[in-house]
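What follows is one structure encoded as structure tokens, with my remarks underneath.
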Amino acid sequence: MTPQPTAGPRDTARTVETVFRMEFPRVIAGVTRIVRDVGIAEELAQDALVAALEQWPERGVPDNPGAWLMTTARNRAVDLVRRRETYARKLAEIGRDQSAVAAPPEEPAGPDDIDDDLLRLVFTTCHPVLSAEARTALTLRLLGGLTTAEIARAFLVPEATVAQRIVRAKRALATRNVAFEVPYGPDRGARLGSVLDVIYLIFNEGYSATAGDDWLRPALCEDALRLARVLSGLMPREPEVHGLTALLEFQASRAAARTGPDGEPVLLKDQNRARWNRLLIARGVTALTRAEATAAGAPGPYALQAAIAACHAHAYRYEETDWPRIATLYSLLAARAPSPVVELNRAVAVSMAEGPAAALPLVDALTDVPALRNYHLLPSVRGDLLARLGRREEARAEFERAASLTRNAREKELLLRRAARGGA
């Protein structure tokens, strides 16, 4: 690989951090296949980051920095395996030489197996030996590349709680010798709910980043959407797999219209719908149809959310949106998967279907919910309702509070602009 011209130390360090954040999940997955321990794999990935910070400022950024990080981490993984005391005995038992270790070990392929290290990592970190909270936190850390602070923000819990979950989860996987694999049969189904949840959360972090300077992180959206599509092929009779895939297709279709020329956020009502990707919308419709066709009873939470997203996708103008149907779908979703965030979204739909006065009491009822105490979208929604009711000063205060709670720079700018205009 030919290094690029050497940049300044600060620029190079920023490049290293950006590349590492983008490539972190793939490096973890590739190294885990060698060392079979996600905790060790993360440490080796961090070692590769340190090596890049040391070498790239002097030698220049490689042409393919992601491949450089992967190669460096994998080489260290191989060295580690070779140093293990049991390595010679294992070589004799399985009859392979040291050169074979440099590549990930071959595994038998079943009739419904796939060769995808990222998906293997998702299923591994969603093993039932872990609690639901630990599975999600660990997967977001390793596949989403999120920091503990960002994960805590997404779950509205203290950072220390997230850090403890991640440490305990990695220890549990190591001590129980959890296999790095996509499981078969009932085991696969048992982990599916957690897998779908974390894929959705990874997509959401890419779709609306909780922190940083960018509103979107497209690489995370692409990885999550690819994993959802792979699952759809792997589990064609699971309606919620198709429901999640449909939801992500619909959401991804709006990506190009969600930011302006300078990367600033563009709200749904202001988006140029001609920039919505009609191919992705068509794929979403197909996936939603499959979800409905395979469902034995009432639609699941992801299928319901996909149906809501479809309502937006079918409206060529914001004014044509079927808000009464969206409000009804949110009511069904609240009954099927109740949460304060779903109630907040239902209130938004009610405000559009029946007016802000009908929705404000619904939002006010959420202000004392502990999980939403530091959730910036609660004061943001309340500010919007107050602005539409002509209560400008109250709206300004709500948008200022929302801006103080978000850690995304782009979102903060948008909220402060709305505050300065009294919510307009």
Side-chain angles (χ1 to χ4, degrees), residues 24-47 70 73-74 76-78 80-81 83-87 89-90 93-94 101 103-110 112-146 148 151 155 161-202 223-224 227-228 230-231 234-235 238 241:
F24 184 65
R26 294 181 182 85
V27 173
I28 292 288
V31 173
T32 300
R33 196 171 182 186
I34 298 174
V35 298
R36 305 288 164 155
D37 185 310
V38 295
I40 293 174
E42 185 178 11
E43 292 175 5
L44 293 171
Q46 296 285 354
D47 287 346
M70 177 67 83
R74 284 163 57 94
R76 292 174 185 238
V78 171
L80 177 63
V81 170
R83 289 197 302 269
R84 288 174 175 170
E85 294 180 355
T86 59
Y87 181 63
R89 177 180 58 79
K90 288 182 179 180
E93 290 175 351
I94 63 178
V101 182
E106 295 296 329
E107 299 185 3
D112 60 350
D113 196 15
I114 59 168
D115 185 19
D116 189 311
D117 283 342
L118 281 176
L119 195 60
R120 292 171 193 264
L121 186 57
V122 174
F123 271 96
T124 300
T125 55
C126 289
H127 196 280
V129 300
L130 307 179
S131 68
E133 296 82 4
R135 296 174 205 167
T136 305
L138 182 60
T139 309
L140 287 174
R141 172 71 189 128
L142 299 183
L143 271 106
L146 275 65
T148 54
I151 298 170
F155 284 99
T161 300
V162 172
Q164 290 174 356
R165 288 175 184 172
I166 292 173
V167 169
R168 290 171 182 167
K170 288 189 288 189
R171 185 183 301 127
L173 292 177
T175 56
R176 298 290 291 272
N177 294 317
V178 171
F180 181 60
E181 64 180 5
V182 177
Y184 295 96
D187 288 342
R188 181 178 294 175
R191 299 190 214 177
L192 182 60
S194 291
V195 170
L196 296 181
D197 289 346
V198 296
I199 290 175
Y200 184 45
L201 288 168
I202 290 169
D223 274 345
L227 290 172
V230 168
L231 272 183
L234 193 64
M235 310 181 75
E238 290 289 343
V241 172

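Annotation: side-chain contact (heavy atoms from CB on, under 4.5 Å) contacts of Gln164 (sequence neighbours excluded): Arg168. Every residue two or more places apart in sequence or in another chain that forms a side-chain contact (heavy atoms from CB on, under 4.5 Å) with Ala29 is listed here: Asp117, Leu118, Leu121. Annotation: side chain to side chain donor-acceptor pair (under 3.5 Å) contacts of Thr148 (sequence neighbours excluded): none. Taking Phe123 as the reference, nothing meets the ring-ring contact (aromatic ring centres under 6.0 Å, His included) condition, with sequence neighbours excluded. The side-chain contact (heavy atoms from CB on, under 4.5 Å) search around Ala224 returns Ile199, Ile202, Phe203, Leu248, not counting sequence neighbours. Residues satisfying the side-chain contact (heavy atoms from CB on, under 4.5 Å) test with Val129, not counting sequence neighbours, are His127, Leu173, Arg176, Val178.
Taking every heavy atom of both residues into account, Val198 and Cys126 meet most closely at CG2-SG, 3.9 Å. Closest heavy-atom contact between Ala228 and Val241: O-CG1, 4.3 Å. Taking each heavy atom of Ala73 and Val27 in turn, the nearest pair found is CB-CG1, 3.6 Å. Nearest heavy-atom pair across Asp37 and Ile40 is OD1-N, 3.0 Å. Gly39 approaches Lys170 most closely through the heavy-atom pair CA-CD, 3.6 Å.
Here Arg141 contributes atom CZ and Thr136 contributes atom OG1; the two are 15.5 Å apart, rounded to the nearest 0.5 Å. A distance of 12.0 Å separates CG of Leu130 from CZ of Arg165, quoted to the nearest 0.5 Å. Taking CZ of Arg36 as the reference point, atom OG1 of Thr124 lies at 8.5 Å (rounded to 0.5 Å). Separating the CD atom in Glu42 from the OG1 atom in Thr32 is a distance of 9.5 Å, to the nearest 0.5 Å. Rounded to the nearest 0.5 Å, atoms OG1 (Thr161) and CD1 (Ile151) are 12.5 Å apart.
Using a distance-only test at 3.5 Å, with no hydrogens or angles considered, a donor-acceptor pair links the side chain of Arg188 to the main chain of Pro183. Side-chain atoms of Arg135 never come within 3.5 Å of backbone atoms of Thr125 as a donor-acceptor pair (strictly under, hydrogens ignored).
By the 4.5 Å heavy-atom criterion applied to side chains, Leu44 and Asp47 are counted as neighbours. Asp223 places a side-chain heavy atom less than 4.5 Å from the side chain of Arg26. Here the side chains of Thr139 and Val195 are not in contact, with every heavy-atom distance at 4.5 Å or above.
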### Task
Test Leu196 against Leu231 for side chain to side chain contact (heavy atoms under 4.5 Å, CB included), laying out the working first.
CA-CA 9 Å; Leu196 296 181; Leu231 272 183; 4.0 Å; yes
